[in-house]
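All values reported here derive from a predicted model rather than from experimental measurement. Throughout, a chain's letter reflects where its sequence line sits, starting with A, and its residues are numbered from 1.
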Amino acid sequence: MIGKIIEILLKYFGKQGWWPTISENKEEEIAIGAILTQQTSWKNVERCIANLSKANALDLKRIAEMDLKELEEKIRHAGFYRLKAKRLKEFAEYVVKNHKSLRALFRKPLRECREELLSIKGIGKETADSILLYAGNKLIFVVDAYTFRILTRLGIWRERFDYEKIRKFLESKLPKDLEIYKEAHALFVELGKNFCKKRPICKNCPLNGICKKSF
DNA sequence: ACCCAGGTGGCCC
DNA sequence: GGGCCACATGGG
C-alpha cells in the first residue's frame with residue numbers, strides 16, 4: 001500500500017531530489033534550512049538562504065561568530081525570526097564547540113546523533129530527523145504534519161498523531177534505503193502542499209481512487 | 001479579512 | 001499524557 005502510493009506520487013510529481021542546496025557546504029546548509037523552515041514555507045526560507053549565502057554565512061562556524069542582530073536581519077523572511085536566530089546561533093555554537101563541524105558529529109551512530117540533536121533547544125523530532133536523513137545520510141524516516149494528514153485521509157492511520165509510532169510504521173513498510181526514505185518524504189510534502197492541506201483539495205489529486213477521505 | 005506554512009517549547013491540568 | 005499558546009513573515 002505505502003509502496004504503491006510512493007510509486008503513484010513519483011509518477012505524478014517526478015523525482016524530487018531533496019534536499020535542495022545552493023552551496024558546497026551542503027550538510028550545514030541543510031541543517032540551517034531545516035531549522036528555518038519550521039512552520040514556514042520554503043519560499044521564505046530560500047530568501048534567508050540567499051541572504052546567508054551572500055554573507056558567506058551558510059556555515060555553522062560563521063553563524064556561531066555572527067552578531068545576533070545581524071543574523072536576525074538575514075533570516076527575517078523565515079518568520080519567528082528572533083526565536084529562530086537565537087536557536088540557530090545556539091545550535092551553531094553547540095556544534096562548533098563540541099564537534100568543530102556537523103560532519104564530525106555524524107561520525108557517531110544514528111542513535112547518539114539523534115539524542116544529541118534532540119537535546120538542543122529548537123530542534124524537535126522532525127528537524128532532527130531531517131538533518132539526520134538529508135544532511136547525515138542516516139537511515140531514519142522524516143514524519144511531518146502532511147504525512148499524518150495524508151495517512152489519516154487515506155484511512156491508513158486511525159490513531160492520534162504520535163511521531164514515533166508513525167515513523168516506525170512507515171519504516172516497517174518501506175525498503176531500508178536512503179534514497180527511498182528521502183524521496184518518499186519529499187513526495188509526501190509535495191502531495192501535501194498541492195492537495196492535502198488542512199482544507200483538502202481533492203480535485204485532480206493523484207490519490208483519488210485510493211483516498212477514502214476519512215477525516 | 002481571513003487561513004495557512006516542510007514545528008517547537010513552555011505552561012497548565 | 002493532552003490541550004493551548006506564543007513565535008512572525010509572506011502567499012493564496
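In this structure, A:N44 and A:R160 both approach DNA chain C, and ranking their closest nucleotides by distance from the 5' end singles out A:R160. Comparing A:T40 and A:G122, the nucleotide of DNA chain B nearest to each residue sits closer to the 5' end for A:T40.
Protein atom OH of A:Y163 is 16 Å distant from nucleotide atom C1' of B:dG9, rounded to whole Å. Atom-to-atom, NZ of A:K84 to P of B:dG6 comes out at 11 Å; the value is rounded to the nearest Å. Atom CG of A:L36 is separated from atom P of B:dA5 by 18 Å (rounded to the nearest Å). Separating the CG atom of A:L191 from the P atom of B:dG6 is a distance of 13 Å, rounded to the nearest angstrom. Separating the CD1 atom of A:I131 from the C1' atom of B:dT8 is a distance of 13 Å, rounded to the nearest angstrom. The separation between A:F91 atom CZ and B:dG7 atom P is 17 Å, rounded to whole Å. In this structure, A:E164 places its CD atom 15 Å from C1' of B:dG7, rounding to the nearest Å. Look at NZ on A:K86: it is 12 Å from C1' on B:dT8, rounded to the nearest Å.
As judged by a 4.0 angstrom heavy-atom cut-off over every strand, A:L187 is placed among residues making no nucleic acid contact. Among the atoms of the strands shown, only primed sugar atoms or phosphate atoms (P, OP1, OP2) are found under 4.0 Å from some heavy atom of A:K125. When heavy atoms are screened at a 4.0 angstrom cut-off, A:I123 is found touching the sugar-phosphate backbone but no base atom. Among the heavy atoms of the strands lying under 4.0 Å from A:Y146 are primed sugar atoms or P, OP1, OP2 only; no base atom is included.
A donor atom on one side chain and an acceptor atom on the other are not found under 3.5 Å apart for A:H185 and A:Q16. When only modelled atom types and interatomic distance are considered, A:K203 and A:N208 share no side-chain donor-acceptor pair under 3.5 Å. Side-chain contact, A:S101 with A:K61: no donor N or O sits under 3.5 Å from an acceptor N or O.
Aromatic ring centroids of A:F188 and A:Y146 lie 6.0 Å or more apart. Taking the six-membered ring for Trp and the full ring otherwise, A:W19 and A:W42 have centroids separated by under 6.0 Å.
For A:K121 and B:dG10, the shortest distance from a side-chain N or O to OP1 or OP2 is below 4.0 Å. Between B:dT8 and A:T127, a contact under 4.0 Å exists linking OP1 or OP2 to a side-chain N or O.
Checked against B:dG6, B:dG9, B:dA5, the side chain of A:R87 finds its nearest nucleotide in B:dG9. When distances are taken from the side chain of A:Q38 to each of B:dA5, B:dG7, B:dG6, the shortest belongs to B:dG7. Nearest to the side chain of A:R149, among B:dC4, B:dT8, B:dA5, sits B:dA5.
Nucleotides of DNA chain C lying under 4.0 Å from heavy atoms of chain A occupy a range whose first and last members, 5' to 3', are C:dG2 to C:dG11.
The pair A:K86-A:E90 meets the salt-bridge criterion, since a charged nitrogen lies less than 4.0 angstrom from a carboxylate oxygen. A:E116 and A:K108 are joined by a salt bridge, as a carboxylate oxygen and a charged side-chain nitrogen come within less than 4.0 angstrom of each other.
The same atom, P, is picked in B:dC3 and in C:dA6; the two are 15 Å apart, to the nearest Å. Nucleotides B:dG6 and C:dG3 place their C1' atoms 24 Å apart, quoted to the nearest Å. Spacing between B:dA1 and C:dG10 at atom C1', rounded to whole Å, works out to 16 Å.
Taking CD from A:E65 and CG from A:D59, the interatomic distance works out to 8.0 Å, rounded to the nearest 0.5 Å.
In this pair, A:W19 does not lay its aromatic ring on the base of B:dG6; centres under 5.5 Å and planes under 30 degrees do not both hold.
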